[in-house]
Amino acid sequence: MSLAFTPNFFLTRVGDDLVLHRGQPRTGASGIRKKRVLVIGGGVTGFTTAWALLDAGYDVTIVAERWADPKNRITSQIAGALWEWPPAVCGKHTDVISLHNSKRWCMTSYRIFDKLQQMMPPEDYFDHGVRMRLANFFFDEVLENMPDCGQLDKWLEISSQPDIRCVRRDPRLIKSHAVNQKAGVVDSYQHLAPIIDTDVYMNWLRFVLRCKGAVMHTRRIEGDLLDLEDDLLVEYDADVIVNATGLAGFDLAGDKTVYPLRGALIRVVNDGKMFPQVREALAVTHDDTQNDTTLILGGLAQPHRYDLDLTLDSPEIKRMRERCNNFVPGLENAKYDPDAPLVQGLRPFRGSNVRVERELRLRKDGTISRIVHSYGQGGAGFSLSFGCANDILYLIDELEKNMPPAKMGTNGVIRSRIEEQSHL
């Protein structure tokens with residue numbers, strides 16, 4: 001497809017939610033200058049936010065040091081990208097505020113990924129890399145008998161969500177999925193979940209953004225954005241800056257609580273020749289079919305590790321492969337993906353919670369900053385992407401109404417602030 005292609009789908013807010021629709025978004029009156037948003041960050045969070053902003057009628061410039069490339073992957077491509085109800089295995093979000101907000105964010109993303117896959121079957125359209133597959137979760141204890149009630153609570157919350165499809169708890173799933181009977185698994189459940197081929201999806205998303213009019217500028221921005229704000233707003237003729245830079249929030253947001261979770265995934269050939277082809281996600285050690293011919297094994301979540309020096313011979317990688325082999329009979333025969341047998345990256349995490357909020361510090365002249373932040377999603381970037389983008393739209397609305405910034409809270413920073421303003 002050429003860039004003359006006009007996507008016949010758009011995002012819009014309906015009530016408190018962000019929804020995907022077929023058709024063209026409504027645009028403002030011609031001749032009136034659109035407000036421009038500068039999005040800093042070319043990962044899934046920045047791209048998804050840019051998509052929502054474009055469909056809301058903003059002009060958007062995206063600045064990033066690097067873009068998605070299957071030969072030189074960015075952090076968003078180093079992901080199993082299996083949608084998961086919080087707390088996700090690789091998300092590591094246990095903070096009360098993060099958990100509360102992440103649960104609504106992930107459901108917004110679930111509904112949009114599900115709708116995208118239904119609206120645009122990959123065999124009929126430019127492939128977006130999104131598939132709805134059964135995700136199976138296995139446990140070595142009956143959920144009710146676990147000392148920690150976290151897994152049982154998670155199951156009960158999942159089963160209470162009307163939009164999560166094909167929910168089923170049944171220990172017979174263990175045998176039907178040929179799980180090694182010596183693995184000690186005694187309980188299991190499954191549900192339909194989005195699984196994203198990150199290489200394909202990031203390429204598709206970039207194409208959609210360019211078709212919708214996004215301007216992309218390759219550049220590294222260094223320093224505290226609060227100090228750079230005035231110059232960047234002038235340089236890019238922007239009204240608002242969105243910081244979606246992940247780990248770079250340490251410097252760009254002056255946030256010293258930001259640190260990496262080093263992650264790694266093994267990729268093996270899943271063509272059915274060396275072992276029975278896996279067509280669903282199997283989660284104990286996190287196996288998922290990222291596409292029809294690649295099986296993802298893993299992964300790791302190592303806090304405060306900045307080095308990317310893991311190899312297939314690293315002890316933790318060997319242990320990861322061995323756990324997977326012991327779980328699925330025949331997997332020990334799997335051949336490594338010849339192009340990328342091992343992928344690794346640094347997931348952006350914070351000491352407290354995911355940050356989706358406006359800059360709380362005042363500018364040097366005492367005025368309110370026009371910076372909005374979205375970072376710290378850890379390994380749950382895809383699961384939270386559309387929900388976080390929806391909140392960014394609300395936060396920019398706050399800026400337009402000259403409302404003061406407020407910290408995130410368990411009641412949802414967006415609703416609480418708008419309700420507060422409505423009562424003034």
Distance-minimising heavy-atom pair for [X] and [Y]:
X: Ser374; Y: Ile392; result: CB-CD1, 3.9 Å
X: Ser160; Y: Pro162; result: O-CD, 3.3 Å
X: Met202; Y: Phe47; result: CE-CD2, 3.8 Å
X: Arg73; Y: Ala340; result: NH1-CB, 3.6 Å
X: Val39; Y: Gly46; result: CG1-O, 3.7 Å
X: Val242; Y: Ile396; result: CG2-CD1, 4.3 Å

When the aromatic ring centroids of [X] and [Y] are compared, is their separation below 6.0 Å?
X: Phe386; Y: Phe113; result: yes
X: Phe349; Y: Tyr375; result: no
X: His304; Y: Tyr259; result: yes
X: Phe138; Y: Phe327; result: yes

Item to check | Contacts of type ring-ring contact (aromatic ring centres under 6.0 Å, His included), residue Tyr189, not counting sequence neighbours | outcome: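 Tyr189 satisfies ring-ring contact (aromatic ring centres under 6.0 Å, His included) with Phe137, Phe139, Trp155 only.
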Checklist entry - More than 12 foreign heavy atoms under 6.0 Å from NZ of Lys256: is that the case here? => result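 Counting neighbours around NZ of Lys256, more than 12 heavy atoms of other residues, nucleotides or ligands fall under 6.0 Å, so yes.
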Checklist entry - Is atom CD of Glu322 surrounded by more than 12 heavy atoms (other residues, nucleotides or ligands) closer than 6.0 Å? => result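 No, the 6.0 Å shell around CD holds no more than 12 heavy atoms from other groups.
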Do [X] and [Y] sit within salt-bridge range, that is, some charged N less than 4.0 Å from a carboxylate O?
X: Asp114; Y: Arg165; answer: yes
X: Arg262; Y: Asp307; answer: yes
X: Lys71; Y: Asp69; answer: no
X: Arg111; Y: Asp17; answer: yes
X: Glu229; Y: Arg361; answer: no
X: Lys318; Y: Glu316; answer: no
X: Arg358; Y: Glu398; answer: yes
X: Arg104; Y: Asp16; answer: no
X: Lys103; Y: Glu157; answer: yes
X: Lys364; Y: Asp230; answer: no

Give, for atom [atom1] of [X] and atom [atom2] of [Y], the distance between the pair rounded to the nearest 0.5 Å.
X: Gln190; Y: Asn136; atom1: CD; atom2: CG; value: 5.0 Å
X: Leu18; Y: Ser109; atom1: CG; atom2: OG; value: 8.5 Å
X: Leu20; Y: Met119; atom1: CG; atom2: CE; value: 4.5 Å
X: Thr49; Y: Leu54; atom1: OG1; atom2: CG; value: 11.0 Å
X: Lys115; Y: Arg22; atom1: NZ; atom2: CZ; value: 8.0 Å
X: Glu400; Y: Asn402; atom1: CD; atom2: CG; value: 8.0 Å

Next on the checklist: Can you list everything that forms a side-chain contact (heavy atoms from CB on, under 4.5 Å) with Asn203? Sequence neighbours excluded, please.
Outcome noted: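 Asn203 satisfies side-chain contact (heavy atoms from CB on, under 4.5 Å) with Phe126 only.
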Side chain proximity check, [X] to [Y], heavy atoms < 4.5 angstrom:
X: Phe382; Y: Gln377; result: no
X: Asp127; Y: Asp197; result: no
X: Ile221; Y: Val63; result: yes

Checklist entry - Can Asp339 and Arg267 be said to form a salt bridge (Lys or Arg N to Asp or Glu O under 4.0 Å), step by step? => result CA-CA 9 Å; Asp339 296 322; Arg267 294 163 56 98; over 6 Å; no
For the backbone of [Y] and the side chain of [X], can you confirm whether one donor and one acceptor N or O come within less than 3.5 Å of each other?
X: His128; Y: Val200; result: no
X: Ser76; Y: Val44; result: yes
X: Arg350; Y: Asn353; result: yes
X: His177; Y: Val179; result: no
X: Gln77; Y: Ile74; result: yes
X: Glu357; Y: Met408; result: yes
X: Ser102; Y: Leu99; result: no

Item to check | Residue pairs fulfilling salt bridge (Lys or Arg N to Asp or Glu O under 4.0 Å) with at least one residue in residues 40-52, sequence neighbours excluded | outcome: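 Sorted result for residues 40-52: empty, none.
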Checklist entry - Are Lys35 and Tyr236 in a cation-pi contact, defined as NZ or CZ under 6.0 Å from the six-membered ring centre and within 45° of the axis? => result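 Negative - Lys35 is either too far from the ring of Tyr236 or too far off its axis.
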Checklist entry - Within 45° of the ring axis of Tyr58 and under 6.0 Å from its six-membered ring centre, is that where the NZ or CZ of Lys34 lies? => result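 The answer is no; the distance or angle limit is not met.
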Item to check | Stepwise side chain to side chain contact (heavy atoms under 4.5 Å, CB included) test for Arg206 and Trp67 | outcome: CA-CA 9 Å; Arg206 187 177 183 184; Trp67 310 96; 3.5 Å; yes
Item to check | Steps toward side chain to side chain donor-acceptor pair (under 3.5 Å) verdict (Asp391, Trp105) | outcome: CA-CA 9 Å; Asp391 277 13; Trp105 289 334; 2.9 Å; yes
Checklist entry - Could you go step by step and tell me if Asp55 and Arg13 meet the salt bridge (Lys or Arg N to Asp or Glu O under 4.0 Å) rule? => result CA-CA 10 Å; Asp55 285 349; Arg13 285 182 295 175; over 6 Å; no
Checklist entry - Does a donor on one side chain and an acceptor on the other come within less than 3.5 Å for His373 and Glu359? => result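 A donor-acceptor contact under 3.5 Å links the two side chains.
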Item to check | Distance-only donor-acceptor check, side chains Thr61 and Arg36, under 3.5 Å | outcome: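 Distance-only check passes for Thr61 and Arg36.
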Checklist entry - How are the rings of Trp83 and Tyr110 set relative to one another: parallel (under 30°), tilted (30 to 60°) or perpendicular (over 60°)? => result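 Perpendicular.
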Checklist entry - Thr311 and Asp313: side chain to side chain donor-acceptor pair (under 3.5 Å), yes or no, with the steps? => result CA-CA 5 Å; Thr311 70; Asp313 293 323; 4.8 Å; no
Item to check | side chain to side chain donor-acceptor pair (under 3.5 Å) assessment of Tyr336 paired with Arg321 | outcome: CA-CA 11 Å; Tyr336 290 114; Arg321 177 67 194 266; 3.2 Å; yes
Next on the checklist: One pair to check against side chain to side chain contact (heavy atoms under 4.5 Å, CB included): Leu362 and Thr367. What are the steps and the verdict?
Outcome noted: CA-CA 6 Å; Leu362 296 177; Thr367 58; over 6 Å; no
Item to check | side chain to side chain contact (heavy atoms under 4.5 Å, CB included) between Leu265 and Leu297, intermediate numbers included | outcome: CA-CA 6 Å; Leu265 298 168; Leu297 311 180; over 6 Å; no
